[in-house]
Amino acid sequence: MPRQLDACSVPLADGDTPVPVRGALFFDGNELPWFGDTIGDVPLVGCRGLTKLLKRSGPLTAANSASVAQFLANRFPSGT
């Protein structure tokens, strides 16, 4: 997971606004945890848990969030 986090956080660090990047292990079709809610600092989540994580308030404005989303979509196109 550190490699994936770096792939997102390093390019975002060059921007004007600091962007917090966190990882999570998502298990589709299952509600977790079965055996714990984290491994190290990484949350293990199902659909409800991921929704909660994504809805947390943070330091970005709506415009910042849209800009980050567009940047990540361009850098990591779906299907590749």
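We're numbering straight along the sequence, starting at 1.
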Looking at [X] and [Y], what are the two nearest heavy atoms and their distance?
X: C8; Y: F76; value: SG-CE1, 3.9 Å
X: P11; Y: F71; value: CB-CZ, 3.5 Å
X: R75; Y: A7; value: NE-O, 3.7 Å
X: L25; Y: M1; value: CD2-CE, 3.5 Å

- Item | With sequence neighbours excluded, residues passing side chain to side chain donor-acceptor pair (under 3.5 Å) with N74 |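 In terms of side chain to side chain donor-acceptor pair (under 3.5 Å), with neighbours along the sequence ignored, N74 is linked to Q70.
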- Task: Identify, with sequence neighbours excluded, every residue that meets side chain to side chain donor-acceptor pair (under 3.5 Å) alongside N64.
- Result: T61
- Query: Among all residues two or more places apart in sequence or in another chain, which pass the side chain to side chain contact (heavy atoms under 4.5 Å, CB included) test with A24?
  - Reply: P43, V45, L53
- Query: Excluding sequence neighbours, so at least two apart, what forms side chain to side chain contact (heavy atoms under 4.5 Å, CB included) with S9?
  - Reply: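 Residues passing side chain to side chain contact (heavy atoms under 4.5 Å, CB included) with S9: D6, V21.
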- Is T51 reaching over with its side chain to a backbone N or O of C47, donor-acceptor style, under 3.5 angstrom? yes
